[in-house]
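A quick write-up on the structure given underneath.
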Protein chains: 2
Amino acid sequence: MSENSRTDEISLDRTDKAILNLLQRDNKTSQRKIAEQVNLSAPAVQRRIKRLEETGVIQANVAIVDPAKVGQPITLFAQVAMESERTDLYETARRSFVAAPEVQQCYYVTGEADFMLVISVRSMSDYEALTRRLFFQNNNVKHFRTFVAMDRVKVGLSIPLG
Amino acid sequence: MSENSRTDEISLDRTDKAILNLLQRDNKTSQRKIAEQVNLSAPAVQRRIKRLEETGVIQANVAIVDPAKVGQPITLFAQVAMESERTDLYETARRSFVAAPEVQQCYYVTGEADFMLVISVRSMSDYEALTRRLFFQNNNVKHFRTFVAMDRVKVGLSIPLG
DNA sequence: ATTGAAAATATAGGCGA
DNA sequence: TCGCCTATATTTTCAAT
């Protein structure tokens, strides 16, 4: 396999980490300003960012949308337990979760649950409709438990690098 | 209060939604290319993006870092139940969760738990240390339950806009 | 591997329709 | 509101150290 297989750790020096911390806050920061903050020239910063993107350390550059501002004020968690861990049944469920646009995040977990989902919807009736599609319609779902988020206290995907 | 108070919904037409869907995938897409895709001029696209940022529809522009590539391969959930819902005790806990850099996401939820946390760490022993700081050291934490993510099936903060 | 300058892109703002 | 045009800023490339 190549030298940067999908899961291998990339070594980062102090400067790389400083750059990543800045970009995780605001990736529109100009290379010139980043250069000032990390005591480097702009092209040097540019090369480092390019490397971070090519090696997959930076997975994506995205705009974060406020769900409440676009009419999707309800965030909730669904904890899903499956009947059987058979691979084909697991795959079917997994694919249905990935395909649902309301599902922002889906993790396969150990413990009392098998999947943990983070979901964003316009209304509780939309959520009910979604549970019918994803859970009740799948025989392999043993049970699920819902937690409604009353406050999105802290939301992000930042990885602290020190 | 002003015309764009913090939680009010902003009306978006079809074009705004198309732009947001593009930017949620890749906010480095140039205004020129966006303009082609939505059949508008680049300056028109620019004005719309500016409005979306000023009204807070676009909350932030960030780089997404792959946790495994930077040596933090472990993602987990902590479901936390509190003893008392007293405001001051809630605030203390809430602040400690927000302050912890390992805590990527923190939601205050209804149901059997009070808080749901998404956490990213280097190792299980780092997680153990974190639980001591956040949970065992806080008398108001009744109990907590951990779910280790074996697979980050789908991870993002995108809001589907149709 | 860094610098500094030049070329190519991209963004921001003014103006008339 | 848009599209066009122009000015500014930023990113990218390249020669030289």
Side-chain angles (χ1 to χ4, degrees), chain A residues 2-4 8-66 69-71 157-158 161-162, chain B residues 2-5 8-66 69-71 157-159 161-162:
Chain A
S2 83
E3 52 178 326
N4 284 322
D8 283 352
E9 186 173 344
I10 307 297
S11 70
L12 305 173
D13 64 15
R14 188 169 290 283
T15 307
D16 289 321
K17 290 177 185 171
I19 293 172
L20 286 172
N21 283 333
L22 290 170
L23 293 180
Q24 285 188 102
R25 250 186 298 249
D26 179 6
N27 74 354
K28 290 294 193 27
T29 314
S30 74
Q31 296 173 354
R32 187 180 52 77
K33 281 185 183 157
I34 295 171
E36 284 173 24
Q37 303 221 29
V38 302
N39 296 318
L40 228 64
S41 69
V45 169
Q46 200 224 96
R47 275 190 297 272
R48 281 169 182 266
I49 293 175
K50 193 178 176 197
R51 168 176 169 260
L52 294 168
E53 284 173 345
E54 283 171 352
T55 55
V57 171
I58 295 177
Q59 268 188 330
N61 285 289
V62 303
I64 304 296
V65 170
D66 182 341
K69 288 271 166 90
V70 298
L157 296 173
S158 300
L161 298 166
Chain B
S2 81
E3 51 180 328
N4 285 321
S5 94
D8 284 353
E9 186 173 346
I10 307 296
S11 69
L12 306 173
D13 64 16
R14 188 170 290 283
T15 307
D16 289 321
K17 290 177 184 171
I19 292 172
L20 286 171
N21 283 332
L22 290 169
L23 292 179
Q24 285 188 101
R25 253 190 293 269
D26 179 7
N27 74 354
K28 290 295 190 36
T29 315
S30 72
Q31 296 172 354
R32 187 179 53 77
K33 281 185 182 154
I34 295 171
E36 284 173 23
Q37 302 220 32
V38 303
N39 297 318
L40 227 64
S41 70
V45 169
Q46 202 231 105
R47 279 188 291 263
R48 281 168 181 267
I49 293 176
K50 192 179 177 196
R51 169 176 169 259
L52 293 169
E53 285 173 344
E54 283 171 353
T55 55
V57 171
I58 295 176
Q59 268 188 330
N61 285 289
V62 303
I64 303 296
V65 170
D66 182 341
K69 288 272 166 90
V70 298
L157 296 173
S158 299
I159 307 292
L161 299 166

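In what follows, chains are A, B, ... by sequence order, proteins preceding strands, each numbered from 1.
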Between [N] ([atom2]) and [X] ([atom1]): distance, integer Å:
X       : N      : atom1 : atom2 : value
B/Gln46 : C/dG14 : CD    : P     : 11 Å
B/Glu54 : C/dG13 : CD    : C1'   : 13 Å
A/Leu23 : D/dT11 : CG    : P     : 10 Å
B/Lys28 : C/dT9  : NZ    : P     : 18 Å
B/Lys50 : D/dC2  : NZ    : C1'   : 16 Å
B/Ile49 : D/dC2  : CD1   : C1'   : 16 Å
A/Asn39 : C/dT3  : CG    : C1'   : 15 Å
A/Lys33 : D/dT10 : NZ    : P     : 7 Å

For [N], does either OP1 or OP2 sit under 4.0 Å from a side-chain N or O belonging to [X]?
X       : N      : answer
B/Arg32 : C/dT11 : no
A/Ser41 : C/dT2  : no
B/Gln31 : C/dA12 : yes

**Asked** Take atom NZ in A/Lys33; do more than 12 heavy atoms of anything else shown fall under 6.0 Å from it?
**Response**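 Open.
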**Message:** Using a 6.0 Å cut-off, check whether atom NZ of B/Lys28 has over 12 heavy atoms from anything other than its own residue.
**Reply:**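 More than 12 heavy atoms, drawn from other residues, nucleotides or ligands, come within 6.0 Å of this atom.
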**Request:** Would you check if A/Arg51 and A/Asp16 make a side-chain contact, meaning some heavy-atom pair closer than 4.5 Å?
**Result:**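 Side-chain contact under 4.5 Å: yes.
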Could you please name the option among [options] that lies closest to any side-chain atom of [X]?
X       : options               : answer
A/Pro43 : C/dT11, D/dG3, C/dG4  : C/dG4
B/Arg47 : C/dT2, C/dT11, C/dG14 : C/dG14
A/Ser30 : C/dG13, D/dT10, C/dT3 : D/dT10
B/Leu40 : D/dC2, C/dA12, C/dA5  : D/dC2

**Request:** Would you classify B/Arg48 as touching base, sugar-phosphate or nothing, given that sugar-phosphate means primed atoms plus P, OP1 and OP2, and contacts are heavy atoms under 4.0 Å?
**Result:**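 If one applies the 4.0 Å heavy-atom cut-off, B/Arg48 turns out to touch the sugar-phosphate alone, with no base involved.
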**Request:** Check step by step if side-chain contact (heavy atoms from CB on, under 4.5 Å) holds for B/Ile58 and B/Leu23.
**Result:** CA-CA 9 Å; B/Ile58 295 176; B/Leu23 292 179; 4.0 Å; yes
**Asked** Step by step, would you call A/Asn61 with A/Asn27 a side chain to side chain donor-acceptor pair (under 3.5 Å)?
**Response** CA-CA 7 Å; A/Asn61 285 289; A/Asn27 74 354; 2.9 Å; yes
